[in-house]
2 protein chains.
Amino acid sequence: MTAPSVVETPSFSPLYQQIRTLLVKGLEQGEWRPGQAIPSELELAARFKVSQGTVRKAIDEMVVSGLLVRRQGKGTFVATHAEEATQYRFLRLTADDGDAQPLKRRLIECRRMRAPAEVARALDLRSGDTVVHLRRLLIATEAVAGQMAEVPVVLDDIWLPAALFKGLTLDSLQAWRGPLYRMFEAEFQLKMVRADEKLRAVAAGADDAALLEVAAGAPLLQVERLASSYGGRPVEWRLGLYRTDRHHYRNTLT
Amino acid sequence: MTAPSVVETPSFSPLYQQIRTLLVKGLEQGEWRPGQAIPSELELAARFKVSQGTVRKAIDEMVVSGLLVRRQGKGTFVATHAEEATQYRFLRLTADDGDAQPLKRRLIECRRMRAPAEVARALDLRSGDTVVHLRRLLIATEAVAGQMAEVPVVLDDIWLPAALFKGLTLDSLQAWRGPLYRMFEAEFQLKMVRADEKLRAVAAGADDAALLEVAAGAPLLQVERLASSYGGRPVEWRLGLYRTDRHHYRNTLT
DNA sequence: CAGTGGTCTAGACCACTAG
DNA sequence: TAGTGGTCTAGACCACTGA
């Protein structure tokens with residue numbers, strides 16, 4: 001048989017990469033929503049006029065990069081922040097004693113503003129564009145001196161391009177029960193696919209210290225995160241301050 | 001053709017996984033050393049009596065996990081810490097301005113001792129076993145106030161099971177030019193394959209502060225690392241203190 | 001040029017899921 | 001049972017490397 005061609009995408013790259021590109025485009029355009037199944041491998045092979053193996057290889061890569069999830073006997077599904085075993089897929093903070101109590105959320109602020117220079121640069125906006133600024137606490141429930149107590153562990157400042165988050169208000173946020181990224185997925189059709197973080201140790205300022213219930217000047221782990229959606233398009237910039245007296249940030253290198 | 005079998009490994013798992021296991025065993029036993037080529041795919045297929053595609057899939061996984069490296073037209077090679085583009089494959093610290101000057105090393109200490117409880121637990125030793133304790137600085141050369149200056153950025157305390165590092169001395173370490181993990185590979189046939197890190201923000205103690213040339217109490221990024229070799233066997237435990245005033249620890253989530 | 005990894009096909013059979 | 005992903009084969013051709 002002669003080599004098939006995917007006429008829709010010119011340019012020369014392996015077939016399976018072209019197919020991956022087409023599938024990613026489908027995800028971007030919402031052809032298949034998070035949690036839904038994409039067509040079967042044989043169906044896609046027929047549609048693109050390639051063999052099942054080629055489709056398989058394209059899907060393999062997307063599975064590795066966290067875009068899709070396979071379930072044997074059922075199908076291949078669009079990855080979602082909804083049904084993660086762990087509530088927070090991107091949060092690398094773990095309790096030292098390993099217990100994984102769910103975290104409580106407390107929203108402190110939600111307002112629209114002109115993008116500060118640093119935020120505009122990170123989100124690739126023009127310096128005048130409007131952003132939504134959120135500030136919130138994540139609170140752990142843990143045994144302290146024999147008593148169960150609520151201890152704030154994360155203070156996040158979050159900036160979002162207002163153009164992408166129309167209708168986001170303090171009320172709608174407070175009504176939402178569940179992780180932010182799940183809400184972004186459900187309400188704004190924006191799926192966070194990748195995040196790049198820069199970590200530093202910093203001394204707590206007075207305000208942040210008060211919110212996190214530590215002494216001013218106490219060491220905190222600062223996590224600067226740029227999260228992006230399918231095309232690598234930056235969609236959120238956040239600055240987190242983590243208390244690491246009873247928690248730590250875990251990472252694996254290979 | 002009837003299904004082939006790999007008689008050497010009973011148990012039921014996919015053929016390609018059995019082959020991966022055999023290849024990993026070859027790496028553990030030093031059949032192929034870091035930097036060397038393993039046999040070609042066709043040769044391995046013949047040896048194991050499977051098709052090339054099956055060997056390919058086994059190798060694919062090992063490439064993803066960083067054990068092997070493919071070079072088209074040349075062969076498949078055992079990954080090594082020797083010829084990394086970046087000198088330090090496992091060091092996630094980056095200068096804020098992005099410039100990647102090589103770091104200088106200064107060895108402060110190398111002595112044998114009974115394993116402290118914490119170290120013994122991490123390295124899976126009995127609490128009486130001997131360990132080698134190293135202490136060293138990594139020093140960056142950077143422009144400070146228009147002048148090039150040497151600034152200490154990392155202080156590492158490193159513990160190694162003495163039984164695995166016979167003959168390691170301060171002199172031999174100081175004679176070695178290059179990353180530590182390259183030396184472990186070359187001198188002790190121990191390749192670091194994986195590392196698990198726990199990050200915290202801490203306040204600098206007096207001694208550490210002096211070595212890193214910061215004020216006592218200054219915030220530092222503490223990186224606890226357990227590095228392991230092929231079988232997942234822990235081989236090194238280290239506690240690093242990173243200055244993050246001009247550097248940051250980078251990480252990508254997917 | 002021969003030898004390597006890289007892509008692609010076509011078809012077989014297995015393992016799992018669900019009606 | 002039908003439909004899905006998972007494994008495996010055999011063989012074709014391409015792209016790159018180095019003698």
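Just so it is clear: chains get the letters A, B, ... in the order the sequence lines come, proteins before strands, and each one is counted from 1.
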Let me know the distance between [atom1] of [X] and [atom2] of [N], rounded to the nearest Å.
X: L15(B); N: dC14(C); atom1: CG; atom2: C1'; answer: 12 Å
X: D60(B); N: dG5(C); atom1: CG; atom2: P; answer: 12 Å
X: F77(B); N: dG18(D); atom1: CZ; atom2: P; answer: 9 Å
X: K57(A); N: dT7(D); atom1: NZ; atom2: P; answer: 15 Å
X: L42(B); N: dT9(D); atom1: CG; atom2: P; answer: 13 Å
X: Y16(A); N: dC13(D); atom1: OH; atom2: P; answer: 21 Å
X: L44(B); N: dT4(C); atom1: CG; atom2: P; answer: 11 Å
X: E43(A); N: dT4(D); atom1: CD; atom2: P; answer: 7 Å

Any stems for DNA chain C, made of 3 or more Watson-Crick or G-U pairs in a row, each with both distances under 3.5 Å?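 Stem list for DNA chain C: C:1-18 with D:1-18.
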
In plain terms, say whether [X] and [Y] are close enough for a salt bridge, that is, a side-chain N and a carboxylate O under 4.0 Å apart.
X: R182(A); Y: E185(A); answer: yes
X: R194(A); Y: D196(A); answer: yes
X: R92(A); Y: E197(B); answer: no

Has T54(A) got a side-chain N or O lying under 4.0 Å from the OP1 or OP2 atom of dC8(C)?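 Answer is no, no contact under 4.0 Å.
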
Mind checking what makes side-chain hydrogen bond (donor to acceptor under 3.5 Å, both in side chains) contact with S40(A), not counting sequence neighbours?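 S40(A) satisfies side-chain hydrogen bond (donor to acceptor under 3.5 Å, both in side chains) with no residue once adjacent residues are dropped.
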
Residue list, side-chain hydrogen bond (donor to acceptor under 3.5 Å, both in side chains) with Q174(A), at least two apart or on another chain: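 side-chain hydrogen bond (donor to acceptor under 3.5 Å, both in side chains) list for Q174(A), sorted by chain: empty.
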
If you check every side-chain atom of S51(B), which of dC8(C), dT4(C), dT9(D) has the closest atom?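 Within the option list, the nearest is dT9(D).
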
With the side chain of R56(A) defined as its heavy atoms from C-beta on, choose the nearest nucleotide among dT7(D), dT9(D), dG6(C).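 It is dT7(D).
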
Kindly state which residues belonging to residues 64-75 of chain A come within less than 4.0 angstrom of DNA chain D, counting heavy atoms of the residue only, listed by number.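 Nucleic-acid contacts, sorted: R70(A), R71(A), Q72(A), G73(A), K74(A), G75(A).
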
Listing, residues 226-235 of chain B side-chain donor-acceptor contacts under 3.5 Å, not counting sequence neighbours, or none:
from    : atom 1 : to      : atom 2 : distance (Å)
S229(B) : OG     : K191(B) : O      : 2.9

So Y16(A) and D60(A), side-chain hydrogen bond (donor to acceptor under 3.5 Å, both in side chains) or not? Walk me through it. CA-CA 10 Å; Y16(A) 73 90; D60(A) 275 342; over 6 Å; no

Of I59(A), L67(A), V78(A), T76(A), which is the lone residue that meets side-chain contact (heavy atoms from CB on, under 4.5 Å) with L23(A)?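 Among I59(A), L67(A), V78(A), T76(A), the one that satisfies the side-chain contact (heavy atoms from CB on, under 4.5 Å) with L23(A) is I59(A).
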
Under the rule for salt bridge (Lys or Arg N to Asp or Glu O under 4.0 Å), what residues qualify as partners of R106(A), not counting sequence neighbours?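 Counting only residues at least two positions away or on another chain, R106(A) forms no salt bridge (Lys or Arg N to Asp or Glu O under 4.0 Å).
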
